[in-house]
There are 2 protein chains.
Amino acid sequence: MSTKIAEEIQARAPLSKERVLGTAVALADQGGIEAASMRKIAQELGVVPMALYKHVSGKEELLDGLIDVVVGEIDAPAGDTDWKTAVRERILSARRALLRHPWASKIMESRTTPTPTVLAYMDSMIGTFRAGGFSVDLTHHAMHAMGSRLMGFTQELFNDRSEAEPAVDTEMWTALAGLYPSIFEICQAVSHDDASVVGPGCDDQFEFEFALDLLLDGLEKLRDRS
Amino acid sequence: MSTKIAEEIQARAPLSKERVLGTAVALADQGGIEAASMRKIAQELGVVPMALYKHVSGKEELLDGLIDVVVGEIDAPAGDTDWKTAVRERILSARRALLRHPWASKIMESRTTPTPTVLAYMDSMIGTFRAGGFSVDLTHHAMHAMGSRLMGFTQELFNDRSEAEPAVDTEMWTALAGLYPSIFEICQAVSHDDASVVGPGCDDQFEFEFALDLLLDGLEKLRDRS
DNA sequence: ACCTGAACACCGTTCAAGT
DNA sequence: ACCTGAACACCGTTCAAGT
C-alpha cells in the first residue's frame, strides 16, 4: 500500500527544529500569529502535538526561534560606508524583514529575554556606532533612544491598517471634525482629494524614515558636540 | 441568616461597568494582565462569568475600558507654558501612569482601534503642537515620530527587569565579553563597581527623557527652519 | 527506553434550559 | 423576559499508560 509507505516516510521524516520553525513561519505568514499554535503546527506536520517538544522545549522557545528566523533575514551591515548610512540601511532592512512577517513585532514585544541572535545583532549595531566615533556613554543612550526601532518597528499606536477600513462616510467625517478638530485638520491635509472620502492614508515608509533620520541627525549633533 | 443577607446585598450590588473595570484594574495591578481574565473578574465579583457581558460586550471592550482608565489618569495639559514643556510634562505624566499600571502597555500594543478617550488625548496633543507654531504637516510627522512614546512607552526591547535578574556571575560575564564585546563594553561602563557583579543597570527615567528630548529638540529645529 | 493518547487546567463565548 | 449553567472550541502542557 503506497499510502502506508507515504505515512512511514512522513513519520520517519527527521522533523528537525528547522522543520518545526519553518512550518511555524509559513503558518504565521499565512494566517497570523494565532495560526502558529503548537497544536496547529503539529497538525500541519502530521504529528501529535507532544512530538514538537522533542525539538522545542515549549512555546517560549518556539517564539524565540521565530524571532531568530526574522532577525536572520536582516542584511549584514555594509562595511564600506559611514556609521549613519550603515545604521540607516540596516534598520531599513530590519523593517523590510518585519513587513514580510507582520506577526513578528507582536512576538518581539512579548519576549522578555533576548536570544543570542538578537544579542549579536545589537552587538553589531553598537559596534557601528562606536566605529563612527560615538563614546561608550553616548552609544548607550543612542541604543536606548532607538529602542525597538532598531528592529524595524514603526511603534505607532494603532497601526492596524489591516481590515479594509470601513469607508469613512460624510457623517462620520463631520462628527470627527466636531469632536477632534485637530485630528480632523491633519486627516484633511493628508487626504488630497476632497473631504468626503478618506484619502490614501499616511505614507508609512516616509514617516518611518522621517523619525529615523530625526534621531540619527540628533545623535550626530550630540556626537560632534563632545 | 446574615450570610444570606450579605449574598443578597452583593447580588443586588449594581455591578456597573465601572465596578467591572475597577476590579479588573485591581486584579491586573496585583497579578498582571493574565489575572484580569473574564472568569477571574467574575469570580472576584462573586458573579457568574456571563454576568459581565451585561456591562461589557466582550473581552475587546473590557481591554478598551482598561486603557481608558489609564489614559484618564494622565494629567491635563499645562496651559501656561510653551509647547515643548507642555508636551514634555504631559508625556512624562503618561509615563507615570504607565509605570503605575505595568500591564497597560501590553494591552495598548494589542489594540487595533483607538477609543474616544485616546483620540481626545491625541487631539489635545496635536493642538499643543499647532499652538506651538508647528505646521499641519510637521505636526503630522511629529505625531508619527513620537509614536507610542506619546503614551509614555519606553518602547525598548526586552524591558523586563521584572524577575530579579539571575545574578550574572563571573563566568557568564567573561562569556559575554567574548561573544558580544560591544555590549560588554557598555555594560561595564554602566556598572560602576568592578566587573564581577552586574551594576545597578540602566537609569530608565534618564534614558526615557534623553530620547524624548532628542526628539523634541529635533522637531523644534525643524519648525524653526520653516 | 521511547513515544503518545488522554487528561488537566485554563481561556472567551455560545446557547439552550430553567426560573 | 431575564438570568445562568453547561457546553463548545480552543490553548499549552503534564503524565501515565502502551509499545
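Each chain gets a letter, A, B and so on, in the order its sequence line appears, and its residues count up from 1.
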Just the atom pairs and distances: protein N or O near nucleotides 9-12 of chain D's N or O, under 3.5 Å.
{"residue": "dC11(D)", "atom": "OP1", "partner": "Ser37(A)", "partner atom": "OG", "Å": "2.9"}
{"residue": "dC11(D)", "atom": "OP1", "partner": "Lys40(A)", "partner atom": "NZ", "Å": "3.4"}
{"residue": "dG12(D)", "atom": "OP1", "partner": "Met38(A)", "partner atom": "N", "Å": "3.2"}
{"residue": "dG12(D)", "atom": "OP1", "partner": "Lys59(A)", "partner atom": "NZ", "Å": "2.7"}
{"residue": "dG12(D)", "atom": "OP2", "partner": "Met38(A)", "partner atom": "N", "Å": "3.2"}
{"residue": "dG12(D)", "atom": "N7", "partner": "Arg39(A)", "partner atom": "NH1", "Å": "2.3"}
{"residue": "dG12(D)", "atom": "O6", "partner": "Arg39(A)", "partner atom": "NH1", "Å": "2.9"}

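- Going from the C1' atom of dT13(C) to that of dT13(D) covers 23 Å, rounded to whole Å.
- In terms of the side chain to side chain donor-acceptor pair (under 3.5 Å) criterion, residue partners of Ser57(B) (sequence neighbours excluded) are, by chain and number, Glu61(B).
- Straight-line distance between the C1' atoms of dT14(D) and dG12(C): roughly 23 Å, to the nearest whole Å.
- With sequence neighbours excluded, the residues satisfying side chain to side chain donor-acceptor pair (under 3.5 Å) with Arg90(B) are Ser124(B).
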Pair assignment for DNA chain D - dot-bracket with | for other-strand partners, Watson-Crick or G-U under 3.5 Å: ||.|||||...|||||.||
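- Ring-centre distance between Phe208(A) and His144(B): not below the 6.0 Å cut-off.
- Applying the salt bridge (Lys or Arg N to Asp or Glu O under 4.0 Å) test to every pair with at least one member in residues 20-40 of chain A, sequence neighbours left out, gives no pairs at all.
- If you measure from atom CG of Leu52(A) to atom C1' of dT14(D), you get 15 Å, rounded to the nearest angstrom.
- Counting only residues at least two apart or in different chains, ring pair (Phe, Tyr, Trp, His ring centres under 6.0 Å) contacts with residues 97-119 of chain B comprise His101(B)-Trp103(B).
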Check nucleotides 3-6 of chain D against the protein and report each pair of N or O atoms closer than 3.5 Å, with its distance, or say if there are none.
{"residue": "dC3(D)", "atom": "OP2", "partner": "Lys54(B)", "partner atom": "NZ", "Å": "3.4"}

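- Here the separation of dA7(D) from dT19(C), taken at their P atoms, is 16 Å to the nearest Å.
- For Glu185(A), the salt bridge (charged side-chain N to carboxylate O under 4.0 Å, His left out) partners two or more places apart in sequence, or in a different chain, are Arg130(B).
- Contacts of Glu89(B) classified as salt bridge (charged side-chain N to carboxylate O under 4.0 Å, His left out), with partners at least two apart in sequence or in another chain: none.
- Residues passing the side chain to side chain donor-acceptor pair (under 3.5 Å) test with Gln205(B), sequence neighbours excluded: Arg95(B), Glu209(B).
- Contacts classified as salt bridge (Lys or Arg N to Asp or Glu O under 4.0 Å) and involving residues 63-72 of chain B (residues at least two apart or in different chains) are given here: Asp64(B)-Arg111(B).
- With sequence neighbours excluded, the residues forming a salt bridge (charged side-chain N to carboxylate O under 4.0 Å, His left out) with Asp75(B) are Arg96(B), listed by chain and number.
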